[in-house]
Amino acid sequence: LGNALKHRFVSTRRIEDIDDSIAMLYLAVEKAPTGHPGRSKWLYNLGSAVTHRFEYSQTPSDFDAATGAFMAAAMQPLGSSSVRLYSAMRCVFMHHTYPHCSSLQSLLLSYSRIIGVLPEIVWLGHSIRRRYKDTGKLRKLVNGAVSTAILAGTLEQAVQWLETGRSLVWSQILSLRSPLEDLAHRHSE
């Protein structure tokens, strides 16, 4: 119901619809048991609805509520790793898009959640095609995190994130190589 009301707000721009949407989505999050795997998705939906209201109202409290919901979604221990990544990415996007409502520390925290979930996204158990695709996204995310850490003057954090990204890429490259014994067996020449 909350998502349906959010979509209706997008079409009609009636503020009552987005207010009702947020109330429904907040209730869904509130009723969800702690540790439920769907909680990250519900928090993401709540953050998305509050973002719509923020874009309409431009109030700092809506900005804080939206980024807070996205960060809460990104920090859920269970649930989809892609939802947690997208939540952190939406939070970063909001900080970059509305710097007058943002702080550098909040942006760094958002990037830290992205870096924290990346190993799950480029997990070696995924198909090779998916790993190639996910590794391509990795570069932009890590570069953004590192440049923000440098801008904030947290050079040690920048180096740690750079090394994390580099090790993820190298682990992907090494895992895609075939052992020489397999090559010799299949193509002896």
Value rounded to 0.5 Å, distance of [atom1] in [X] from [atom2] in [Y]:
X    : Y    : atom1 : atom2 : answer
W161 : L141 : CH2   : CG    : 12.0 Å
Q76  : L43  : CD    : CG    : 5.5 Å
L46  : I22  : CG    : CD1   : 7.0 Å
R14  : D19  : CZ    : CG    : 10.5 Å
R166 : E163 : CZ    : CD    : 4.0 Å
N3   : K6   : CG    : NZ    : 4.5 Å

Query raised in the report: Hey, mind stepping through H96 and L107 against side-chain contact (heavy atoms from CB on, under 4.5 Å) and telling me if it holds?
Result: CA-CA 8 Å; H96 281 297; L107 184 57; 3.9 Å; yes
Is the shortest side-chain heavy-atom distance between [X] and [Y] below 4.5 Å?
X    : Y    : answer
R113 : Y111 : no
Y56  : I15  : yes
V50  : F70  : no

For [X] against [Y], the heavy-atom pair lying closest together:
X    : Y    : value
Q58  : E55  : NE2-O, 3.5 Å
H95  : S102 : ND1-OG, 2.5 Å
S81  : V117 : O-CG2, 3.7 Å
A88  : I114 : CB-CG1, 3.4 Å
V146 : L162 : CG2-N, 3.7 Å
C91  : S110 : SG-OG, 3.1 Å

Requested in this report: Give a yes or no on whether F93 atom CZ has more than 12 heavy-atom contacts from other residues, nucleotides or ligands under 6.0 Å away.
Outcome: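 For F93, atom CZ is not crowded (no more than 12 foreign heavy atoms under 6.0 Å).
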Query raised in the report: Between S87 and V83, is there a donor-acceptor pair closer than 3.5 Å when you use the side chain of the first and the backbone of the second?
Result: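 Yes: the side chain of S87 pairs with the backbone of V83.
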**Report entry** Any donor-acceptor N/O pair, T148 side chain to L108 backbone, under 3.5 Å
**Finding:**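 Not a single qualifying donor-acceptor pair exists.
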**Report entry** Set of residues satisfying salt bridge (Lys or Arg N to Asp or Glu O under 4.0 Å) with respect to R13, sequence neighbours excluded
**Finding:**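 Once residues adjacent in sequence are excluded, R13 has no partner under the salt bridge (Lys or Arg N to Asp or Glu O under 4.0 Å) criterion.
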Query - side-chain contact (heavy atoms from CB on, under 4.5 Å) assessment of V142 paired with T164 - result: CA-CA 9 Å; V142 172; T164 299; over 6 Å; no
Identify whether [X] and [Y] are in the same connected component of the hydrophobic contact network (ILVMFWY, side-chain heavy atoms under 4.5 Å).
X    : Y    : value
L78  : V29  : no
M89  : L109 : no
I115 : Y86  : yes

Query raised in the report: Got a sec, which pairs hit side-chain hydrogen bond (donor to acceptor under 3.5 Å, both in side chains) with one end in residues 31-45, sequence neighbours left out?
Result: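 Qualifying pairs: Y44-R90.
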Report task. Mind telling me whether F9 and H52 have parallel, tilted or perpendicular rings, with 30° and 60° as the class edges? Result ->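 H52 and F9: perpendicular rings.
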